[in-house]
Amino acid sequence: MNWLMKSEPDAYSIQKLQKEKKTWWTGVRNYQARNYMMKDMKVGETVLFYHSNAEPPGIAGLAKVSRLAEPDPTQFDKKSDVFEARASKAKPMWFCVEVEFVAIFPRFISLQDLRDEKKLTTMQVLKKGQRLSIQPVTDRELSVVKKMGGL
DNA sequence: GCCAACGTTGGC
DNA sequence: GCCAACGTTGGC
C-alpha cells in the first residue's frame, strides 16, 4: 500500500524532512492512524507528504517508510503536550513509524489541483470531513499524483 | 451500550 | 476567526 501523511508545515514541513533526512512520525493520537502505522505500513512503502493548514494546502513531496512502527516516545514525556498518562513502557498505547525523505515535487499539487483531477475523485483526502492524518493511497492515485507533481 | 458534551482538525 | 465534521470521553 501507499500512504498519504498530513503535517502542518509550521510544525513539520517536507523541507525540514529534506534537511533531517529521516524522522519518527511521533504525536499521532488517533486510533485508526495508529493502526495503519502499527499493522499496515511496511518499510519501503511510498508516502505522499501533505501540508495541511497551509496556504495553500496540498501535496508537497514524497517520502517512504524507513522503519516499522515502534512505541512513540512522546507518550512517556510528561512535558509533551501529547503525553499519555494511561500508557506505560510495558503497555504503550501509541506507535510511530520512521519516514525518510525522497523528493520535493517540482510542482506543488494544491488541494484544488487534486479536486480538479477527475482521476482522483476516489482519494480519501478529497472527501468532505476527512480528518484522518494517515490515509491509504492506491497505486493508480499515486501514479497520477506523481505525474501531476512532475515526478 | 447510548449519546450529549467537548475538543480537535483543517479548509475557507 | 469561523465552523462543519468528526473522534473521544464519561455519565447514566
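Given the structure is predicted, the values throughout are model-derived calculations rather than measurements. Naming: A, B, ... by sequence-line order, numbering from 1 per chain.
Using a 4.0 Å cut-off, no side-chain N or O of A/Arg131 falls inside it from OP1 or OP2 of B/dG7. Contact between the side-chain N/O atoms of A/Lys128 and the OP1/OP2 oxygens of C/dA5 is found at a separation under 4.0 Å. Taking only side-chain nitrogens and oxygens, A/Tyr50 never comes nearer than 4.0 Å to OP1 or OP2 of B/dT9.
Rounded to an integer number of Å, the gap from CG of A/Leu132 to P of C/dA5 is 18 Å. Rounded to a whole Å, the CG atom of A/Leu4 is 13 Å from the C1' atom of B/dG10. In this entry the distance linking CG of A/Asp10 with P of B/dT9 reads 14 Å, nearest Å. Rounded to whole Å, the distance from CG on A/Asn30 to C1' on C/dT9 is 15 Å. Here the C1' atom of nucleotide C/dG7 and the CZ atom of A/Arg34 are 14 Å apart, to the nearest Å. The distance between atom NZ of A/Lys127 and atom C1' of B/dG10, rounded to the nearest whole Å, is 17 Å. We find that CD of A/Glu8 is positioned 10 Å from C1' of B/dT8, with the value rounded to whole Å. Across the protein-nucleic acid pair, A/Asp113 atom CG and B/dG11 atom P stand 14 Å apart, rounded to whole Å.
Position along DNA chain C of the nearest nucleotide to A/Glu84 versus A/Gly129 favours A/Gly129 as the more 5'-ward residue.
Taking CE of A/Met38 as the reference point, atom CH2 of A/Trp94 lies at 10.5 Å (rounded to 0.5 Å). The CZ atom of A/Arg29 lies 4.5 Å from the CG atom of A/Asp72; values are rounded to the nearest 0.5 Å. With values rounded to the nearest 0.5 angstrom, A/Ser7 atom OG is found 12.0 Å from A/Tyr50 atom OH.
Closest to the A/Asn53 side chain, of the nucleotides C/dG7, B/dG11, C/dT9, is B/dG11. Proximity note for A/Lys6 (side chain, C-beta onward) versus B/dC12, C/dT9, B/dG10: the nearest is B/dG10. The side chain of A/Arg115 sits closest to B/dG11 out of B/dG11, B/dT8, C/dT9.
The environment of A/Lys127 atom NZ is dense: over 12 non-hydrogen atoms of other residues, nucleotides or ligands sit within 6.0 angstrom.
Within the 4.0 angstrom heavy-atom criterion, only backbone atoms of the sugar-phosphate kind lie near A/Arg86; the bases stay farther away.
A ring-centre distance under 6.0 Å is not found for A/Tyr36 and A/Trp25.
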